Amino acid sequence: MIFRQAWHIFWKDLLMEWRSKQTISSMLIFAIMVVVVFAFAFQPTRELTKAVFPGMVWVAFVFSGILGLNRAFVSEKQQDCLMGLIMAPLDRSSIYFGKVLGTVFLMGFIELVALPLFFIFFDYRVQGSLLLLVLVIFLGTLGFATVGTFLAALAANARSSELLLPLILFPILVPVLIASVKATGIVLTGGEIKELMSWIRVLGVYDLIFMIVPFLLFEYVLEV
Amino acid sequence: MEPKKKTVHGIIAWITCLLMLASIYGIFIYSPMEKVMREVQKIFYVHVGVAWNAALAFLVVLVASIMYLRTKDLKWDRLGLASGEIGVLFTTLVLVTGPIWGKSAWNTWWTWEPRLTSTLVLWFIYLAYFLVRGAVAETHRKATLSAVFGIIGFCNIPIVYFSIHLWRLSHPVVFGPSGGGLHPMMLHALIMTVFAFTFLYLYLMQKALYIENSRQELESIKSALRERLD
């Protein structure tokens, strides 16, 4: 039931995005620009740059992800759409899960475009398995989306939510950032699978906790 | 201030004052000098004293946040605010005193060691708590949102600590002497200092709550006056 409703919310957002293409285009352009800025900031051909490659990738993902999150609930404020959603015969948490799904989808699209660009511009050769890379990026993105969507809903109540969101989001994101960057680094260099598993476990636990806690608290964020 | 409240404030103030003097005596005269670090080691007592109370303060924020969401009583919100403010102050002191000790013990001001890094993240989380409070104007909305953030922030701390611990595992850091081999007299001084700072916490808390309550009262008087004049 709740998944069906969440799916409808997700579909509505997707349709809206498809018609305006406003958020996704700015996210995409931003992500590509970050790639270029990093190419200017660090010599793309140097060995040292290979070592910070996973960090660069995640900075690009997270920063463009914040652009998308800023729109997730602020866009619902126009014409009192959020009020409409609250009054609709829906489970409140389905709004949350629908938005999480939307964020994961948008970021997944950006990652699909930006990551190959990173590989091309930095002449980076992947040594590990691509399947594991997809898994790590998915788990990292999910963690980002669960916390990010919840805090975006929280920040949407504030006067200057675009200003507030990054400041309250980054301290909470610390575990995801560390785990994603480390796990991505291990996968890309074909490192030890045992070490990788411990990071994947951190990501899994984080995703789980920050799906349950917002699920319990989301009601309070909306009711005000 | 009501006379009864005033007495309580006075008693806590005097206890804090006496405990502080006693702990200063304990730190500088009673406890023996550390062999290697000499006088610099003395800051360790203050460091642990404030660190312990910062943790206490944030625990109180968590409890107050949960209680506010359950009861919607603004007194819990004021408790969370007061405790959070003192917690941020104490965490700042931890982050200031820590490097002073570290410079002498580890020969570096800062290392990205789990406890240090987690404390820094903790500090950011509770600064964010105040940013949430500052960004929302309406009282009940502000209370609800900051309570939600107080809970989220606290849930995050164990994961932060664990992930940073794992992050640094591949780069072992050599630890200086801490906790384990403490001289009994040093331990006495330490316990005394922790108590002194706990009472300082209580004292500051009383004052902060009193100020917040007065502000609330003033607001209601103002709005009552406005209603009458309109």
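Every chain is numbered from 1, with letters handed out A, B, ... down the list of sequences. Owing to the predicted nature of the structure, the values given are computational and were not obtained by experimental measurement.
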Open item on the list: So for atom CZ, which belongs to B/Phe162, do other residues, nucleotides or ligands contribute more than 12 heavy atoms lying within a distance under 6.0 Å?
Closed with: no
TODO: Using a cut-off of 6.0 Å, state whether more than 12 heavy atoms not belonging to B/Phe195 lie near its atom CZ.
DONE: no
Task: B/Trp110, CH2: over 12 other non-hydrogen atoms inside 6.0 angstrom - done: yes
Open item on the list: Below 4.5 Å, heavy-atom pairs only: which of A/Val176, A/Val213, A/Leu169, A/Leu164 has the largest tally toward chain B?
Closed with: A/Leu164
Task: Side chain, backbone, both or neither of A/Phe150 within contact of chain B (heavy atoms, under 4.5 Å) - done: side chain
- [ ] Could you have a look at B/Phe124, B/Tyr129, B/Phe149 and say which one has the most heavy-atom pairs with chain A under 4.5 angstrom?
- [x] B/Phe149
Open item on the list: To check you understand the geometry: which heavy-atom pair defines the closest contact between A/Tyr220 and B/Thr144, and what is its length?
Closed with: O-CG2, 3.6 Å
TODO: Give a yes or no on whether A/Leu131 atom CG has more than 12 heavy-atom contacts from other residues, nucleotides or ligands under 6.0 Å away.
DONE: no
Open item on the list: Is it true that, when you exclude B/Gln216 itself, more than 12 heavy atoms of the residues, nucleotides or ligands shown sit nearer than 6.0 Å to its CD?
Closed with: yes
Task: Nearest-0.5 Å distance, CD of residue A/Glu195 to CG of residue B/Leu166 - done: 8.0 Å
TODO: Answer yes or no: does atom CZ of A/Phe118 have more than 12 heavy-atom neighbours from other residues, nucleotides or ligands under 6.0 Å?
DONE: yes
Task: Heavy-atom side-chain contact between B/Asn156 and A/Tyr206 under 4.5 Å - done: yes
Open item on the list: Can you confirm whether more than 12 heavy atoms, excluding those of A/Phe119, are under 6.0 Å from its CZ atom?
Closed with: yes
TODO: Examine whether an atom of A/Ser198 lies under 4.5 Å from a heavy atom of chain B, and if so say whether it belongs to the side chain, the backbone or both; otherwise answer neither.
DONE: both
TODO: Identify which of A/Ala158, A/Ala179, A/Ala155 forms the greatest number of heavy-atom pairs closer than 4.5 Å to chain B.
DONE: A/Ala158
Task: For chain B, the option from A/Leu154, A/Val205, A/Leu167, A/Leu151 that forms the most heavy-atom pairs under 4.5 Å - done: A/Leu154
TODO: Would you give the length of the straight line joining atom CD1 of B/Ile151 to atom CG of A/Leu216, rounded to the nearest 0.5 angstrom?
DONE: 9.5 Å
Open item on the list: Can you confirm whether A/Phe10 is buried at CZ, in the sense that more than 12 heavy atoms of other residues, nucleotides or ligands lie under 6.0 Å from that atom?
Closed with: yes
- [ ] Could you grab the distance from atom OG of B/Ser146 to atom CD1 of A/Ile168, nearest 0.5 Å is fine?
- [x] 11.0 Å
TODO: Answer with side chain, backbone, both or neither: which region of A/Ile178 has an atom nearer than 4.5 Å to a non-hydrogen atom of chain B?
DONE: side chain
Open item on the list: I need the minimum non-hydrogen distance between A/Ile172 and B/Gly153, along with the two atoms involved.
Closed with: CD1-CA, 3.9 Å
Open item on the list: For the CD1 atom of A/Ile209 and the CD1 atom of B/Ile159, what is their distance to the nearest 0.5 Å?
Closed with: 4.0 Å
Open item on the list: For the OG atom of B/Ser65 and the CG atom of A/Leu217, what is their distance to the nearest 0.5 Å?
Closed with: 10.0 Å
